[in-house]
Amino acid sequence: MYFAVNGKQVFATTGGKPFDNSKPTVIFLHGSGLDHTFWGLHARFFAFRNYSVLVPDLPGHTNSEGPPLTTIEAIADWLNDVVKTLDINNISLVAHSQGCLDALEFASRFPERLKSVSFIASGLATPVNEALISAAENDPEAAIAMMLGWGFGPAGQLHQGPIPGNSMVAGGRKVMRGNVPAELAADLRACDAYKNGKQAAAAIQAPAQVILAGKDRMAPRKAGLELVAHLPDPEVTIIEESGHMVPQEAPDRCRQLLRDFIFKNNPTR
Amino acid sequence: MSRFLNFDTLSLHAGQTVDPVFGARATPIYQTTSYVFPDTDTASSIFNLERGGHAYSRITNPTVGVLEQRIAALEGGSAAVCTASGMAATFCAITAILGQGDHIVASTQMYGGNISLMKNTLPRFGITATFVDPTDTGGFRDAIQDNTRLIYGELIGNPGLDILDLEAIAKIGGDHHVPFMVDATFNTPYLCRCFDYGANVTVHSVTKWMGGHGAAIGGAVVDGGNFDWGATDKYPTITEPYAPFSGINLWEEFGPSAFATRIRAEAMRDIGPSMSPMNAFLLLQGIETLSLRMDKHLSNTAELLDYLTGHEQVSWVSHPSLPSHSSHKLAQKYLPKGAGSIVSFGVKGGREAGKTFIENVELASHLANVGDAKTLIIHPATTTHSRIDADALVAAGITEDMIRLSVGLEDVADIKADFETGFRAAKRVAKG
């Protein structure tokens, strides 16, 4: 669906059911250069279990009007504007990679409507190599290759995928090609500049869940465990066989963990 | 692994997870109709497209799935759907987006089955086609109508071997917001990855060079993931709610694989042209050696072109690698490794001499197939293209004396010796 936030058109998929702000709502946040399709194996599941689902494209990404936002703090502000515009209550926030930084900021600064927050494949910060940022600006294909090469674990590199016939890595490449150079570069610079992770994590009041990946080369286990250390009493799971793209590489395990956590902390009637 | 794998590696490994139970290295043949669900929630979520998984082998099968992901990887597509045959792939791909009142712009130079499908069968369902000379790129633009929903052609036309100007035609499609679907059977992704030049969908008869051994019939549709279906309202099967799956909007939820998902959700379910697991296994064995076989096909073809062009009994030879071929420059651009292993030639003495040649060769097999490991020959005017009318034969560049040769992997000296036997017999007929 499309809706306006601060005068700009925002696109969000709702998992195949009409959006209904009277229900507990799961909001999914995508990572750098990606879009709503990243969450295809999760959004529909919750939408058909009596949750409202909102999977927005960040400003400038795929179907949402630009320009892209340039800081994590600005994305958190924008997300709060989305929440207020749609008058969403009882939120479970699910975030991956850069989306986790957005979620850290949002959850620490706007806790009022938040019932739970799930961080997937992230640490407290995401320092980005200048070579990657430069590639995003000047040689997007190279940047995409770097990100997907590091992002997907062995199964992804072999074009496997949980949906028969679909290649996760090729699908990711097609999406990212639509979000370069400006959007990806803005995302990466925003990640690199974000330094408030420790303070934000410590301020989070909602129940938190952290899902890490054993073969993650973009947010390695050590970085993820730093996030764990600064959150108040999170539920932590490490999916050993997955690379960074956990929601796609290990969707069944990831969905099970999200389901158990969200059902418990943000139940439907 | 920290980077994209190369073609030969993907030919061997893409799509396969080593069997976690017994450690089988080869892809197991999952010869089963159906799959036990662990619980009702999982069952319902698979049926509702909430998660991946197998329910019934008409829709998906683990062995077929490996083949699909391997073909998608080799083509650079976001998803692939395998079918019982190449014609099934073409039908499913077209009907995924076209319906009553829609129109196709297609090349005149195509496999007779493709022409018949568009000229005879699809019109019964309200889908019409305008055929365009593949060498007249501007003709594709001129033939586009308000109701055109597809541009279709074979990269290497069968059997005239004219090459489509992929980039130019893709641009025409893009300008009119019409997807460009390419039958890539004759080139395989080893010789040309059509998506790199702007094509949006490829279809294959994987029976041919992809499988390569003449042992299994199969087809594939590959979604390039590079067409913006949502930019207009021309493609409601992709962008509008789809009632059988709770009103799912495939474009919103599946993005770059929405087209392939439509085929899976509709054609495989409602029509059911499924590939068998056994065939998928056989085709996977072929794909493992695709590049090795294609290189040998090409080197044998080059030697036979030298031999045929210098032969006194041959009236003409056609292959895009020859400077005399009208598509020579396009072949150099799009098919730098080689322009395939189909050769057309005429035997001096016309139809009777050609017939005598075919009946007197022994190593080369006279049959209606191409892309086998073995050398094959046929007379298109009386076989593969016999169901199209005289005008269409001319448009397809098919002459009475034409012999279509599919160059195999034998020792090329043995192929030449076999042909000498045929040419000697043909010479006797020609002399009368």
Side-chain angles (χ1 to χ4, degrees), chain A residues 1 11-18 34-49 55 62-63 144-146 148-178 215 217 243 248 251-252 255 259, chain B residues 1-5 9-10 13-17 41-42 44-45 48-54 59-62 64-82 220 223-226 228 230 241 245-249 252-258 260-261 263-264:
Chain A
M1 69 175 184
F11 173 82
T13 186
T14 57
K17 291 274 194 178
L34 294 170
D35 70 7
H36 65 279
T37 58
F38 183 77
W39 293 106
L41 289 164
H42 302 272
R44 195 169 168 83
F45 174 85
F46 283 96
F48 280 82
R49 280 155 188 78
V55 195
T62 305
N63 296 326
I144 291 169
M146 282 187 242
L148 295 178
W150 295 328
F152 280 101
Q157 298 307 326
L158 288 171
H159 292 260
Q160 294 165 8
I163 300 177
N166 287 27
S167 164
M168 292 184 286
V169 71
R173 186 189 298 127
K174 310 291 179 184
V175 168
M176 292 185 81
R177 278 178 177 164
K215 295 184 177 175
R217 285 169 298 191
Q248 296 198 345
D252 292 348
R255 189 187 309 105
R259 190 191 82 153
Chain B
M1 289 180 283
S2 60
R3 61 184 181 83
F4 293 121
L5 298 169
T9 309
L10 293 173
H13 293 281
Q16 189 196 1
T17 305
D41 189 62
T42 301
S44 69
S45 61
N48 195 34
L49 297 182
E50 295 163 19
R51 60 191 296 164
H54 303 284
I59 319 294
T60 63
N61 170 277
V64 179
V66 173
L67 177 63
E68 291 167 337
Q69 284 169 342
R70 191 159 303 178
I71 292 171
L74 294 175
E75 277 280 42
S78 53
V81 180
C82 281
D223 188 342
N226 57 354
D228 186 356
F245 290 89
S246 309
I248 193 170
N249 184 315
E252 280 192 8
E253 299 209 25
F254 289 90
S257 58
T261 306
I263 293 173
R264 180 90 61 198

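Fair warning: this is a prediction, and the values are worked out from it, not measured in the lab. Lettering of chains follows the sequences in order, A, B, ..., and the numbering in each one begins at 1. Heavy-atom basis, side chains included; hydrogens, waters and symmetry copies ignored.
- Rounded to the nearest 0.5 angstrom, Asp252(A) CG and Thr42(B) OG1 are separated by 7.5 Å.
- Contacts of Arg70(B) with chain A are absent, with no heavy-atom separation under 4.5 Å from either backbone or side chain.
- Both the backbone and the side chain of Asp41(B) come within less than 4.5 Å of a heavy atom in chain A.
- A salt bridge is absent between Arg44(A) and Glu252(B); no separation between the charged side-chain nitrogens and carboxylate oxygens falls under 4.0 Å.
- In this structure, the portion of Val169(A) lying under 4.5 Å from any heavy atom of chain B is its side chain and not its backbone.
- For the pair Glu50(B) (side chain) and Leu41(A) (backbone), a donor-acceptor distance under 3.5 Å is absent.
- Cation-pi geometry between Arg173(A) and Phe4(B) is met: under 6.0 angstrom from the ring centre, within 45 degrees of the axis.
- Contact count versus chain B (heavy atoms, under 4.5 Å) is highest, among Ala170(A), Gly15(A), Ala43(A), for Gly15(A).
- Chosen from Gly161(A), Gly243(A), Pro251(A), Gly40(A), the residue pairing most often with chain B at heavy-atom distances under 4.5 Å is Gly161(A).
- Of the listed residues (Arg51(B), Gln16(B), His13(B), Glu68(B)), the greatest number of heavy-atom pairs within a distance under 4.5 Å of chain A belongs to Arg51(B).
- Contact check for Phe48(A) versus Asn48(B): side-chain heavy atoms found under the 4.5 Å cut-off.
- Formation of a donor-acceptor pair under 3.5 Å by the Lys174(A) side chain with backbone atoms of Ser78(B) is not found in this model.
- Put simply, of Cys82(B), Ala80(B), Gly255(B), the one with the most heavy-atom pairs under 4.5 Å next to chain A is Ala80(B).
- Annotation: maximal heavy-atom pairing with chain A below 4.5 Å, among Pro256(B), Ser257(B), Gly65(B), occurs at Pro256(B).
- In this structure, Pro164(A) and His54(B) have side chains that are in contact, with non-hydrogen atoms separated by less than 4.5 Å.
- Contact count versus chain B (heavy atoms, under 4.5 Å) is highest, among Gln160(A), Lys215(A), Arg255(A), His159(A), for Gln160(A).
- No side-chain N or O of Thr13(A) forms a donor-acceptor pair with one of Glu253(B) less than 3.5 Å apart.
- Between chain A and the options Ala220(B), Ser44(B), Gly224(B), the largest number of non-hydrogen pairs under 4.5 Å is found for Gly224(B).
- Taking both residues in full, the closest heavy atoms of Ser45(B) and Arg49(A) are given as CB-NH2, 3.8 Å, listed atom of the first, atom of the second, then distance.
- For chain A, the option among Gly230(B), Gly225(B), Pro62(B) with the highest count of heavy-atom pairs below 4.5 Å is Gly225(B).
- In this structure, no portion of Ala260(B) lies under 4.5 Å from any heavy atom of chain A.
- Note on Leu10(B), Leu67(B), Thr17(B): by heavy-atom pairs under 4.5 Å with chain A, the leading option is Thr17(B).
- Within the model, atoms CG of Leu74(B) and OG of Ser167(A) stand 10.5 Å from one another, a figure rounded to the nearest 0.5 Å.
- With a threshold of 4.5 angstrom between heavy atoms, Phe46(A) does not approach chain B through any atom at all.
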